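Heads up: the structure comes next, in structure tokens.
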2 protein chains.
Amino acid sequence: MGSSLLEADRRNSGPDTPARTIDRILSAAARLFAARGMAGVGLREITAEAGVNLAAVNYYFGSKEKLLEALFLRRAQPITAERLRLLALCAEGPGRPPMLEQLLEAFLRPAFSLGLEAGVDGATFGRLRARLAVESEELYRRILAQAFNPSTRAFLEAIVRALPEVPRAEVEWRFHFMLGTMIYTIADSGRIQSITDGSFRSGDVEIALAKLVRFLGAGFRAAPLGD
Amino acid sequence: MGSSLLEADRRNSGPDTPARTIDRILSAAARLFAARGMAGVGLREITAEAGVNLAAVNYYFGSKEKLLEALFLRRAQPITAERLRLLALCAEGPGRPPMLEQLLEAFLRPAFSLGLEAGVDGATFGRLRARLAVESEELYRRILAQAFNPSTRAFLEAIVRALPEVPRAEVEWRFHFMLGTMIYTIADSGRIQSITDGSFRSGDVEIALAKLVRFLGAGFRAAPLGD
DNA sequence: GCCTCAATCAAACGATTGTTTTATACGGTC
DNA sequence: GACCGTATAAAACAATCGTTTGATTGAGGC
């Protein structure tokens, strides 16, 4: 399947320009990094699947680490852009959902639709995000912060404003909890299928989003602990 | 620090028996696997930090993969045992928290206290769990299922019974969301510190537990979507 | 004292790692 | 048509990988 996919890439996208070489590297690296981790795949496998020469990675990106960084920032950018676009559309009004739920959906939807559906493989970028989230080395934390901090901060502030009855510190905790469910869900670990013997399906983005917004909305609104 | 730790191990634990060699391998491997992933550390680094010969891993465990499996099952066992002990203690009664909150705390507390505090390094096992949760290869999923499925299923059933007004499928979704927050929190990704510029501290197990139970309790009780 | 077996050791196995180097091919500019 | 810089190619770099081998050790049974 890998080679037929590659041939399809070649057919659909014109001549072999340098930009195409870069795209093919990024695409193959995203798939493989997501599937087996950064340390788990070699440059030879990446370049072979991309159909380019081994030296192309160091030629265009400088190193394996820089490849990961370029790959991640490029894939994250559409998500944050769409998030901020949806955030600007959030507004109180008759017939609209409560502000909090609007914000939650605006924050989560791009991560789900652009991370789960787009690209050749569904959960590719979602799982890659989850991998970086678990990593403790400075490089990976810096990449994540660089890609997501600005837009994420904007949502945290908006949610704090939408919940005046909940102290800011409490909202921060709950925001952290939300990140956990989001990343775990887009990573599609399959754990719940294993626990429920497969009676559970999580593929439908709209259903997952609706259920997640309902769940998180209730959690955010819970009365704070009186400590 | 690594070497002084090693010397402390040696001082506190008597002669060098085979069991001590195994323990030192498991301890060093847990630290390094958690910090940099299974593919990210070599057996030479593990055995060096453990102060044992390189061949000891294959001698006692057979392979690197079997080492991970043995390591994970050994560390997971106290968590599931404590979970089931606390589950048996859950009971409705005057002056006690609602059943759901009792169940949530019984499920979460062992993962937090035995995963965050115990051992030489706090977040060691928590981060290792998170790594396995993100992995897509069959081996890792099998290890996770083997270690946690039985006790986790028992809690899912108990929560379904505690929430008769919520359909089972909805509880399964929310259980999945709970796993996400739990794993993300015990992995201590540091993302929320990064977003809030460090005004956030997550080290205190009791505080994190209380806030998480409050948050999840509200989420589990939310009225299901009427689709 | 000798034998035995588990335990540890150094050394080497072939394979693979990321990166660099050297060479070859190609397209546009003078 | 010679020249130039970009892009691709093949080959080699030293380093490290998981695993296996064969030798050496030392304590317990006879």
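Note on naming: letters A, B, ... go to the chains in the order of the sequence lines (proteins, then strands), and numbering restarts at 1 for each one. Every value quoted in this text rests on a predicted model; they were computed, and no experiment measured them.
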Got a list of side-chain donor-acceptor pairs under 3.5 Å for residues 55-64 of chain A, not counting sequence neighbours?
| unit_1 | atom_1 | unit_2 | atom_2 | d |
| --- | --- | --- | --- | --- |
| S63(A) | OG | K66(A) | N | 3.2 |
| K64(A) | NZ | M38(A) | O | 2.7 |
| K64(A) | NZ | V41(A) | O | 3.0 |

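- A sub-4.0 Å separation between OP1 or OP2 of dG18(C) and a side-chain N or O of S63(A) is absent.
- A straight line from CG of L68(B) to P of dG18(D) spans 13 Å, rounded to a whole angstrom.
- Distance CD1 (I25(B)) to P (dC9(C)): 10 Å, rounded to an integer number of Å.
- No donor-acceptor contact under 3.5 angstrom links the side chains of N53(A) and T47(A), judged on distance only.
- Checking dA12(D), dG18(D), dA10(D) against the side-chain heavy atoms of L54(A) singles out dA12(D) as nearest.
- Atoms CD1 (I46(A)) and C1' (dT17(C)) sit 12 Å apart, rounded to a whole Å.
- Following rounding to the nearest Å, L67(B) (CG) and dT19(D) (C1') show an atom-to-atom distance of 14 Å.
- No more than 12 heavy-atom neighbours from other residues, nucleotides or ligands sit within 6.0 angstrom of CD on E65(A).
- Using bins of under 30°, 30° to 60° and over 60° for the plane-to-plane angle, the ring pair F215(A)/F177(B) lands in the tilted bin.
- Between L103(B) and the options L86(B), V213(B), L87(B), a side chain to side chain contact (heavy atoms under 4.5 Å, CB included) holds for only L87(B).
- For the OP1/OP2 pair of dA7(D) and a distance below 4.0 Å, the side-chain nitrogens and oxygens of Y59(A) include at least one atom meeting the criterion.
- The separation between R44(A) atom CZ and dT20(C) atom P is 13 Å, rounded to whole Å.
- Ring pair F72(B)/F125(B): centre-to-centre distance below 6.0 Å.
- Computed from coordinates, the L139(B) CG to dG18(D) C1' distance equals 15 Å when rounded to whole Å.
- For DNA chain D, each stem of at least three Watson-Crick or G-U pairs (distances under 3.5 Å) is given as range with range: C:4-28 with D:3-27.
- For the OP1/OP2 pair of dA7(D) and a distance below 4.0 Å, the side-chain nitrogens and oxygens of N53(A) include no atom meeting the criterion.
- Within the nucleic acid shown, F61(A) has no heavy atom closer than 4.0 Å to any nucleic acid atom.
- Residue order along DNA chain C, read from the 5' end via each residue's closest nucleotide, puts A56(B) first among N58(A) and A56(B).
- Nearest to the side chain of Y60(A), among dT21(D), dT19(D), dT8(D), sits dT8(D).
- Atoms CD1 (I22(A)) and P (dT8(D)) sit 9 Å apart, rounded to a whole Å.
- Taking every side-chain heavy atom of K64(A) into account, dT19(C) is the closest of dA6(C), dT8(D), dT19(C).
- Using a 4.0 Å cut-off, no side-chain N or O of T21(A) falls inside it from OP1 or OP2 of dA7(D).
- You'll find the side chain of F175(A) stays beyond 4.5 Å of the side chain of L216(A), heavy atoms only.
- Atom pair L43(A):CG and dT19(C):C1' shows a separation of 9 Å (rounding to whole Å applied).
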